[in-house]
Number of protein chains: 2
Amino acid sequence: MDDKQRLIIEQAIALADEHGLDAVSMRAVSQRLGLSSMALYPYIGGKDALLDGMVEGLFAEMLAMAPADGSWQDRLRAVSRAVRALARRHPGAYPLIVSRPGAAAETRRLDDLLAGILGSAGVPEPEVPRLSRLLSTLLLGFANAEINGHFGAGPASPDEWDAEFAADLDDEIRMIEQLVTRT
Amino acid sequence: MDDKQRLIIEQAIALADEHGLDAVSMRAVSQRLGLSSMALYPYIGGKDALLDGMVEGLFAEMLAMAPADGSWQDRLRAVSRAVRALARRHPGAYPLIVSRPGAAAETRRLDDLLAGILGSAGVPEPEVPRLSRLLSTLLLGFANAEINGHFGAGPASPDEWDAEFAADLDDEIRMIEQLVTRT
DNA sequence: ACCTGAACACCGTTCAAGT
DNA sequence: ACCTGAACACCGTTCAAGT
């Protein structure tokens, strides 16, 4: 029954969002489920595995949000929106995505998604993996910066972040278009 | 005497690089200095302030590495090299840069440096702050991905990371050049 | 099969005390 | 002024035990 596993991860994410990542302890998570801390161990391996599971859960949620139709530009914008929406929905848990190694299997699905988009944009195949990684670094990192309050002099309101992100994306889209026509 | 403060932060960074971030405890750091853990509190505020201090120390080290002469393209490449060199020199401590809010004063100096470079590239002033943030997100995030082993199918050897990073930077440089001539 | 309690070796931090 | 020891309320995790 990995229903229970999913339940545990769900509660851990909720706890992180409500009280910060530091509040995510085995004891606190188990308490939310009416169990003792040791009851979690059979379902998740331990604290580290729980954090990995949270990353996996976050990615899964994000990938479920991104629609897969429209022009490649539209799809790219949809993925970007999904990443930022995830970060804002999970301000406490999201930073795990950027701070934990990509051991999780779901992690690579974002790169695959981006690779698909770039492929249909006409990007030459040997360039696709590199550009996927560039974009995922930028998307994940930018959302993290917003959540973490990076950039002392950065955008102040969510609307300003939206505008900045849209402009960044337009630049990247132009970069990709130029790369395609250069070939 | 914030000589002592610097000494503490130095040892904390060394400890992180040698034994991982989790090994950085007040007790372990103080032991490296031949002190009890409580002796650190007058010099640094506590664990959180210590971690912030480490971020500050890392940024300072990086900024000292980046030469400030040559064409704007050369200077941009120099900054990029400095970021990656920092990450590889501090594989344990570096991730703090990306996981901790930019409260540290030094944090913004990277954006200033990038803004200066973009300014001398001829980027229109209203676009400069946004592009500085885009570049710093990309540079810091990419180095973090390398350290953290993000991207399951990513580059395997340091040389491959070098090549990928150089290609990314060329793309960004072209993007900036195009943005300048479009004006 | 599923859960618990006590226990161990750790944390960060406070506070009274030492020189 | 600078440092320490004991103590407190927490951790993650093990292990024997309960039903």
Side-chain angles (χ1 to χ4, degrees), chain A residues 1-58 92-97 99-101 103-104 148, chain B residues 1-58 92-97 99-101 103-104 148:
Chain A
M1 348 215 120
D2 41 347
D3 276 358
K4 215 124 181 185
Q5 196 181 124
R6 203 167 42 251
L7 231 164
I8 293 168
I9 289 167
E10 207 172 274
Q11 289 304 313
I13 291 174
L15 189 56
D17 292 334
E18 287 167 32
H19 298 100
L21 259 182
D22 290 347
V24 178
S25 68
M26 292 289 135
R27 283 167 163 95
V29 172
S30 65
Q31 200 177 266
R32 269 178 100 98
L33 295 156
L35 294 170
S36 81
S37 68
M38 297 71 70
L40 307 184
Y41 282 79
Y43 300 102
I44 46 135
K47 181 77 181 289
D48 264 33
L50 173 60
L51 296 176
D52 285 339
M54 292 168 72
V55 172
E56 203 116 20
L58 291 171
Y94 178 86
L96 280 176
I97 279 186
S99 65
R100 287 190 81 77
N148 266 353
Chain B
M1 347 220 123
D2 41 348
D3 277 356
K4 215 125 179 183
Q5 197 181 123
R6 203 167 40 251
L7 230 164
I8 293 168
I9 289 167
E10 207 171 273
Q11 289 304 313
I13 290 174
L15 189 55
D17 291 333
E18 287 168 32
H19 297 100
L21 258 181
D22 290 347
V24 179
S25 67
M26 292 291 134
R27 283 166 162 96
V29 172
S30 64
Q31 200 177 266
R32 269 178 98 98
L33 295 155
L35 295 169
S36 81
S37 68
M38 297 71 72
L40 307 184
Y41 282 79
Y43 300 101
I44 47 136
K47 180 77 181 288
D48 264 34
L50 173 60
L51 295 176
D52 285 339
M54 291 168 72
V55 172
E56 204 116 18
L58 290 171
Y94 178 86
L96 281 176
I97 279 188
S99 65
R100 288 189 80 77
N148 265 353

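Labels below follow one simple rule: chain letters A, B, ... track the order of the sequence lines, proteins then strands, and each chain is numbered from 1. Because only heavy atoms are used, hydrogens play no part in the values below, and waters and symmetry mates are left out as well, while side chains stay in.
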In this structure, how many angstroms lie between the C1' atom of C:dC2 and the CG atom of A:Asp2, rounded? 16 Å
Round to the nearest Å and state the distance from A:Ile44 atom CD1 to C:dC3 atom P. 13 Å
Could you run through nucleotides 4-17 of chain D and give me one letter per nucleotide, 5' to 3': B if any protein heavy atom sits under 4.0 Å from the base, S if only the sugar-phosphate is that close, - if neither? BB-B---BBBB---
Does C:dG5 have a Watson-Crick or wobble mate here (both distances under 3.5 Å), and if so which one? D:dC15
C:dC10 -> Watson-Crick or G-U wobble partner, both distances under 3.5 Å, gives none
Taking side chain to side chain donor-acceptor pair (under 3.5 Å) as the cut-off, I'd like each qualifying pair that reaches into residues 20-29 of chain B, sequence neighbours left out, listed once. none
With side-chain contact (heavy atoms from CB on, under 4.5 Å) as the test, would you mind laying out the steps for B:Met26 and B:Ile44 before giving the verdict? CA-CA 10 Å; B:Met26 292 291 134; B:Ile44 47 136; 4.1 Å; yes
Do A:Asp3 and A:Leu7 have side chains that approach each other closer than 4.5 Å (heavy atoms only, starting at C-beta)? no
Please walk me through it: do A:Leu40 and A:Leu33 pass side-chain contact (heavy atoms from CB on, under 4.5 Å)? CA-CA 10 Å; A:Leu40 307 184; A:Leu33 295 156; 4.1 Å; yes
Just wondering, are more than 12 heavy atoms of other shown residues or ligands nearer than 6.0 Å to CD in B:Gln31? no
Do you know which of A:Val29, A:Asp2, A:Ile13 makes side chain to side chain contact (heavy atoms under 4.5 Å, CB included) with A:Ile8? A:Val29
